[in-house]
Amino acid sequence: MNDTPHLAPALATGIGSLPGTDAREAAKAATGSFEDFPHLPELPARGPGADMIGRTAGLLVELYARVEPSGWRIGDRPGRDTRRARSWLGEDLDALEEFTQGYEGLLKVQTAGPWTLAASLELRNGEAALSDHGACRDLAASLGEGLRLHLEEVRRRVPGARLVLQLDEPSLTAVLRGQVRTASGYRTHRAVDRQVVEATLRDVVGVHDGGPVVVHSCAPDVPFALLRRAGAAAVSFDFSLLTERDDEAIGEAVEAGTRLFAGVVPGTDGPLSDPAGSVMGVRTLWRRLGLRPGLLPEAVTVTPACGLAGASPGYARSVYAHCVRAARSLADNPE
């Protein structure tokens, strides 16, 4: 399993996105709230290129994308949109570097995974790259090389960090089920074979060279077993979307050493329960699965349910503090 033991117990972290446009303020929030497990913030409110797809498109090697009215489209050469995406990422890395001077510990960075990217990036004909097997293969290879360079850059800037790579795959279930719509909206793209999905994910996961990789999806029916086979050290998900149908896969994942990033705190503004109440469902799941209570803080990282781009800045700060207290509650009282 990909270095899972390095994900220490009683942890909390963010998913990635935050509200606002100030990179320094976001880096301060992510590093100040999560002293043991900060992350590189994403600020999609800045516009195209700061969004998940545009940001990841800016990392691609020998593939470029530009903004069209319908979304991001693969083009022939880097243009203004690519330069803007890279500039914003550079700004975010500058801010992170400033607030992690001397830091030694876990640090998480996030990008879109290969299948969400293939479902979201258009080819020249306007259809998703998902429609073309060769395009999917080229996209995954380009992403892998871009991630390798990105991780090297983060290591250079924060040399004491143990990097955790998060692949955001909100479209993964739709890709597996053939639910991604064509450009016309009248049809859907054919489901991609599960073995192809798994092999592609395994290749991209392998780019992290033995370091832990988290795959995140806040969609229903996360394919836990497939992600575990693809080499994910952890799976990140919206806890409220679990059903008892997921029990067996989750139990097998935990027993195999896969860590759960349980999204237990709502990502949009609303009242927050007490921290112990937020993780009550996790304890209930543990009892239902018959897992050892002492394993709970070692196997679960507490997170928001999804990114916080749609939240108010005050609520986002409250959520981060709440996640830390909820993780502490799990560690202090796992039963």
Side-chain angles (χ1 to χ4, degrees), residues 15-19 21 23 26 39-93 108-132 135-147 149-150 165-175 179-183 185 189 192 197 200-201 204 207 214-219 236 267 306-310:
I15 294 298
S17 66
L18 284 168
T21 59
H39 67 92
L40 175 65
E42 304 165 14
L43 299 172
R46 290 181 296 196
D51 60 299
M52 177 180 68
I53 298 303
R55 185 182 182 89
T56 306
L59 293 174
L60 296 176
V61 172
E62 295 182 2
L63 280 179
Y64 311 101
R66 63 178 187 272
V67 179
E68 297 285 343
S70 53
W72 285 90
R73 182 171 296 183
I74 295 171
D76 297 319
R77 54 188 174 275
R80 180 183 59 192
D81 298 322
T82 299
R83 288 192 295 272
R84 185 169 51 201
R86 291 175 177 174
S87 172
W88 272 329
L89 179 57
E91 190 179 298
D92 294 335
L93 289 170
K108 183 165 69 68
V109 298
Q110 310 84 214
T111 69
W115 293 107
T116 292
L117 203 58
S120 305
L121 276 183
E122 297 174 357
L123 301 173
R124 290 176 183 80
N125 64 4
E127 287 295 352
L130 190 65
S131 64
D132 183 315
C136 290
R137 189 176 57 240
D138 293 346
L139 196 54
S142 174
L143 174 63
E145 186 56 33
L147 284 177
L149 296 171
H150 179 48
L165 172 63
Q166 177 179 304
L167 299 175
D168 289 319
E169 283 284 16
S171 300
L172 183 59
T173 301
V175 166
Q179 293 172 339
V180 177
R181 295 207 165 275
T182 58
H189 294 288
V192 181
V197 169
T200 300
L201 279 168
V204 177
V207 164
V214 185
V215 180
H216 166 71
S217 173
C218 44
S236 172
C306 212
L308 296 172

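Atom set for the values below is all heavy atoms of this structure, side chains included, hydrogens, waters and symmetry mates excluded.
Distance check: Leu147 CG to Leu167 CG gives 6.5 Å after rounding to the nearest 0.5 Å. The distance from atom CD of Glu42 to atom CG of Leu308, rounded to the nearest 0.5 Å, is 11.0 Å. Summarising the geometry, atom CD belonging to Gln179 is positioned 13.0 Å from atom NE2 belonging to His189; distances are rounded to the nearest 0.5 Å. Atom CG of Asp138 sits about 12.5 Å away from atom CG of Leu143, to the nearest 0.5 Å.
Taking every heavy atom of both residues into account, Val67 and Pro48 meet most closely at CG2-CB, 3.7 Å. Ser17 and Pro44 get closest at one heavy-atom pair: CB-CD, 4.0 Å. In this structure, Ala65 and Ala57 approach most closely via the heavy-atom pair CB-CB, 3.9 Å. Listed here is the closest heavy atom pair of Val207 and Gly144: CG1-O, 3.4 Å. Across Cys306 and His216, no two heavy atoms sit closer than the pair SG-NE2, 3.8 Å. Considering all non-hydrogen atoms of both residues, Ile15 and Lys108 come closest at O-NZ, 3.1 Å.
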### Message
Go through it in stages, so that I can follow the logic: the residues are Leu60 and Leu121, the test is side chain to side chain contact (heavy atoms under 4.5 Å, CB included), and I'd like the CA-CA distance, side-chain angles, deciding distance and then a yes or no.
### Response
CA-CA 12 Å; Leu60 296 176; Leu121 276 183; 4.2 Å; yes
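By the salt bridge (Lys or Arg N to Asp or Glu O under 4.0 Å) test, Glu127 pairs with no residue at all, sequence neighbours left out.
You'll find the side chain of Thr56 stays beyond 4.5 Å of the side chain of His150, heavy atoms only. The closest side-chain heavy-atom distance from Leu89 to Leu59 is below 4.5 Å. Contact check for Arg66 versus Thr82: no side-chain heavy atoms found under the 4.5 Å cut-off. Using a 4.5 Å cut-off on side-chain heavy atoms (C-beta onward), Asn125 and Asp132 make no contact. Side-chain contact between Ile53 and Ser120 is present, with heavy atoms from C-beta onward closer than 4.5 Å.
Of the possible donor and acceptor atoms, one in the side chain of Ser142 sits under 3.5 Å from a partner among the backbone N and O of Val61. Side-chain N or O atoms of Thr200 include none that pairs as donor or acceptor with a backbone N or O of Arg137 at under 3.5 Å. Under a 3.5 Å cut-off, the side chain of Asp92 and the backbone N or O of Gly90 do not form any donor-acceptor pair. Under a 3.5 Å cut-off, the side chain of Glu169 and the backbone N or O of Trp115 do form a donor-acceptor pair. Remark: side-chain polar atoms of Thr116 are paired, donor with acceptor, to backbone N or O of Ser171 under 3.5 angstrom. Side-chain N or O atoms of Ser131 include one that pairs as donor or acceptor with a backbone N or O of Ala128 at under 3.5 Å. Gln110 contributes a side-chain N or O that, together with a main-chain N or O of Leu40, makes up a donor-acceptor pair within less than 3.5 Å.
Using a 3.5 Å distance cut-off with no hydrogens or angles, the side chains of Ser236 and Gln166 do not pair a donor with an acceptor.
With salt bridges taken as basic N to acidic carboxylate O contacts below 4.0 Å, none links Arg73 and Asp81. Of the charged side-chain nitrogens involved, none lies within less than 4.0 Å of a carboxylate oxygen, so that Asp168 and Arg55 do not count as a salt-bridged pair.
Note on residues 39-88: pairs passing ring pair (Phe, Tyr, Trp, His ring centres under 6.0 Å), not counting sequence neighbours, are His39-Tyr320.
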